[in-house]
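Lettering follows sequence order; numbering is per chain, from 1.
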Amino acid sequence: MLKYLISATIILACLFTGKFISYSLNLAFPSAIFGMLILFTLLISSVVKYQTVLPCSTPLLRYMPLLFIPTLVGLIEHLGLIRENLVIISLSVIVSCIFTLSIVGHVFQRLNKSAS
Amino acid sequence: MIYIGIVLTIVIFLLFKKIQNKTTWLILNPILLTMLLIIFVLILSESTYENYAKSNLPLTLLLEPAIVVLAMPLYKEFVYIKSQFKTILITCTLGVFSSTSIALFMAFILGADNKILASVAPNAVTSPIAMTLADSLGGIAALAAAIVILIGVLGAIFAHPFLKLIGVSDKAAQGLAMGAACHALGTARAVELNSKIGAFASVSLIVSAVLTSIILPVLYPLLMSALESF
């Protein structure tokens, strides 16, 4: 029980520190991602041990999809807008995905070859 | 009564997850199917989204802590790929620039409004982060997440054959591309294909997510003012 409490405290401390920094600097940067970078820094500098965070991080990561389904259902309020823009959205996202696949794949292949 | 919404979400999701585990068909994505079925139920029962969202607040509130713990897989992969980190960083940065600017450019030319543009821009990050980013740019969080998941489903099916077709044969490069362009679902497929492709896909998934969150809030207003001055 205690290990859950400790890992939850660490996670929330990172989140709220991120929120505080983001708020006081008035940044557009999402504060949860700030929290993630703080936790990453703590792990890399071995201030916090990987195993200590594990009890709460494992279920959170495993059931992450469940956490954003409610927001996803919010599409129900934009059905008209989506119907109107369906072609625009699909076309732009698919083209962007094809280009990104090609660019990332080819650039890394070349850099990797020249390195070895 | 207030519990019905959250019970609906959990039961339907677990059910679809079980079905997918049995069939292993990528097209039967449990997230998408759950969303569609719940929207269908809400429309049929004439319930408001507001009530449903209120009931699901405990789940929604956990999303931010879940984003924080994405640092865990990042840390684990970081130890593993330290030696190649610079190359990976350069490639993923390129990927972030291409995915956001190409999508924005296309959508702008086709005449999308600001709400759509801001929802299309974070198309190359994992859904929870796409949601927070779209929200902070003035887009629709739900739409951004849905786009990411749809691209992920398509990517899981077509990305690997496509990469081979265009001559990307290096396994690390294939993984990196799949993680950068097709997020979690592309990564899940990559893990199935081969452990090396999988490892690089999960690295690029996380690295791209972090890079996009840093780059997009700065890049988006710049690109928008550039596009508008045309």
For this session: Specify which of B:Ala209, B:Ala142, B:Ala181, B:Ala112 makes the most heavy-atom pairs with chain A at under 4.5 Å.
Result: B:Ala142
For this session: With rounding to the nearest 0.5 Å, note down the distance linking CG in A:Leu75 to CD1 in B:Ile38.
Result: 12.0 Å
Problem set entry | Heavy-atom side-chain contact between B:Gln84 and A:Phe108 under 4.5 Å | yes
Seminar exercise, completed: When every non-hydrogen atom of B:Phe13 is compared with those of A:Pro65, the smallest separation belongs to CZ-CB, 3.7 Å
Seminar exercise, completed: So, the part of B:Ile116 with a heavy atom under 4.5 Å from chain A: the answer is side chain
For this session: Would you check if A:Ile89 and B:Ile147 make a side-chain contact, meaning some heavy-atom pair closer than 4.5 Å?
Result: yes
For this session: Could you tell me which non-hydrogen atom of B:Ala180 sits nearest to which non-hydrogen atom of A:Val104, and how far apart they are?
Result: CB-CG2, 4.1 Å
Exercise. Measuring heavy-atom distances to chain A, does B:Ile6 have an atom under 4.5 Å in its side chain, in its backbone, in both, or in neither?
Worked result: neither
Problem set entry | Heavy-atom side-chain contact between A:Leu61 and B:Pro73 under 4.5 Å | yes
Problem set entry | For chain A, the option from B:Ala53, B:Ala141, B:Ser127 that forms the most heavy-atom pairs under 4.5 Å | B:Ser127
For this session: Determine the option with the most heavy-atom pairs under 4.5 angstrom with chain B, choosing from A:Cys56, A:Ala32, A:Pro70.
Result: A:Pro70
Problem set entry | Between B:Met131, B:Glu50, B:Lys17, B:Met106, the one whose heavy-atom pairs under 4.5 Å with chain A are most numerous | B:Met106
For this session: Give, as side chain, backbone, both or neither, the part of A:Leu37 having an atom under 4.5 angstrom from any heavy atom of chain B.
Result: side chain
For this session: Decide yes or no for B:Thr87 and A:Asn112: does some side-chain heavy atom of the first lie under 4.5 Å from some side-chain heavy atom of the second?
Result: no
Problem set entry | Atom group of B:Met72 that falls short of 4.5 Å from chain A, counting heavy atoms | both
Exercise. Most heavy-atom pairs under 4.5 angstrom with chain A, which of B:Ala159, B:Pro30, B:Pro65?
Worked result: B:Pro65
For this session: Kindly determine whether A:Ser102 and B:Phe162 satisfy side-chain contact (heavy atoms from CB on, under 4.5 Å), including the steps that lead there.
Result: CA-CA 9 Å; A:Ser102 325; B:Phe162 172 73; 3.7 Å; yes
Exercise. Around atom CZ of B:Phe105, are there more than 12 heavy atoms of other residues, nucleotides or ligands at under 6.0 Å?
Worked result: no
Exercise. Is the closest side-chain heavy-atom distance between B:Leu94 and A:Thr100 below 4.5 Å?
Worked result: no
Exercise. Would a 4.5 Å heavy-atom cut-off, applied to side chains only, mark A:Val73 and B:Asn56 as touching?
Worked result: no
Problem set entry | Side chain, backbone, both or neither of A:Ile10 within contact of chain B (heavy atoms, under 4.5 Å) | neither
Exercise. What pair of heavy atoms forms the shortest contact from A:Leu72 to B:Ala145, and how long is it?
Worked result: CD1-CB, 3.4 Å
Exercise. Side chain, backbone, both or neither: which part of B:Leu163 has a heavy atom under 4.5 Å from chain A?
Worked result: side chain
For this session: Compare every heavy atom of B:Leu59 with every heavy atom of A:Leu66, then report the nearest pair and how far apart it is.
Result: O-CD1, 3.8 Å
Problem set entry | Reported CG-to-CD1 distance for the pair B:Leu63 and A:Ile69, which is rounded to 0.5 angstrom | 11.5 Å
Problem set entry | Pairwise side-chain contact, B:Ile140 with A:Glu77, heavy-atom cut-off 4.5 Å (strictly under) | no
Problem set entry | Contact origin within B:Ala66 toward chain A - heavy atom pairs under 4.5 Å | both
For this session: Report the distance from atom CD1 of A:Ile33 to atom CG of B:Leu133, rounding to the nearest 0.5 Å.
Result: 5.0 Å
For this session: List the atom of B:Val68, the atom of A:Gly35, and the distance in Å for their closest heavy-atom pair.
Result: CG1-O, 3.8 Å
For this session: Check whether any side-chain heavy atom of B:Thr126 lies under 4.5 Å from a side-chain heavy atom of A:Met64, and answer yes or no.
Result: no
Exercise. Using non-hydrogen atoms only, which part of A:Ile98 is less than 4.5 Å away from chain B: side chain, backbone, both, or neither?
Worked result: both
Exercise. What part of B:Leu32 lies closer than 4.5 angstrom to a heavy atom of chain A: side chain, backbone, both or neither?
Worked result: neither
Exercise. Non-hydrogen atoms of chain A under 4.5 Å away: do they reach the side chain of B:Ile88, the backbone, both or neither?
Worked result: both
Problem set entry | Max heavy-atom pair count under 4.5 Å with chain B, selected residue of A:Leu54, A:Ile82, A:Thr41, A:Ile88 | A:Ile88
For this session: Side chain from CB out, backbone as N, CA, C, O: work out which of these in B:Tyr75 comes under 4.5 Å of a heavy atom of chain A, or both, or neither.
Result: both
Exercise. Roughly how far apart are B:Ile149 CD1 and A:Phe68 CZ, rounded to 0.5 Å?
Worked result: 4.5 Å
Problem set entry | Part of A:Ser90 lying under 4.5 Å from any heavy atom of chain B | neither
Exercise. Chain A heavy atoms under 4.5 Å from B:Ala124: which part of the residue, side chain, backbone, both or neither?
Worked result: neither
Problem set entry | Which atoms of A:His78 approach chain B - backbone, side chain, both or neither, heavy atom under 4.5 Å | side chain
Exercise. Side chain, backbone, both or neither: which part of B:Gln174 has a heavy atom under 4.5 Å from chain A?
Worked result: neither
Problem set entry | Side chain, backbone, both or neither of B:Cys182 within contact of chain A (heavy atoms, under 4.5 Å) | side chain
Exercise. Using a cut-off of under 4.5 Å for heavy-atom pairs, which of B:Leu176, B:Leu61, B:Val120 has the most such pairs with chain A?
Worked result: B:Leu176
Problem set entry | Spatial distance of atom CG (B:Leu143) from atom OG1 (A:Thr71) [nearest 0.5 Å] | 13.0 Å
Exercise. Heavy-atom distance under 4.5 Å to chain B: side chain of A:Leu43, backbone, both or neither?
Worked result: both
Exercise. Any idea which of A:Val93, A:Val87, A:Leu12 has the most non-hydrogen atom pairs under 4.5 angstrom with chain B?
Worked result: A:Val93
For this session: Check each atom of B:Ile151 against the heavy atoms of chain A and say whether the ones under 4.5 Å are side chain, backbone, both or neither.
Result: side chain
For this session: With a 4.5 angstrom heavy-atom cut-off, could you sort out which part of A:Gln109 is near chain B: side chain, backbone, both or neither?
Result: both
Problem set entry | Structural part of B:Ser169 lying under 4.5 Å from a heavy atom of chain A | both
Exercise. Where on B:Phe108 is there a heavy atom nearer than 4.5 Å to chain A: the side chain, the backbone, both, or neither?
Worked result: neither
Exercise. If you measure from CD1 on B:Ile102 to OG on A:Ser92, what distance do you get to the nearest 0.5 Å?
Worked result: 11.0 Å
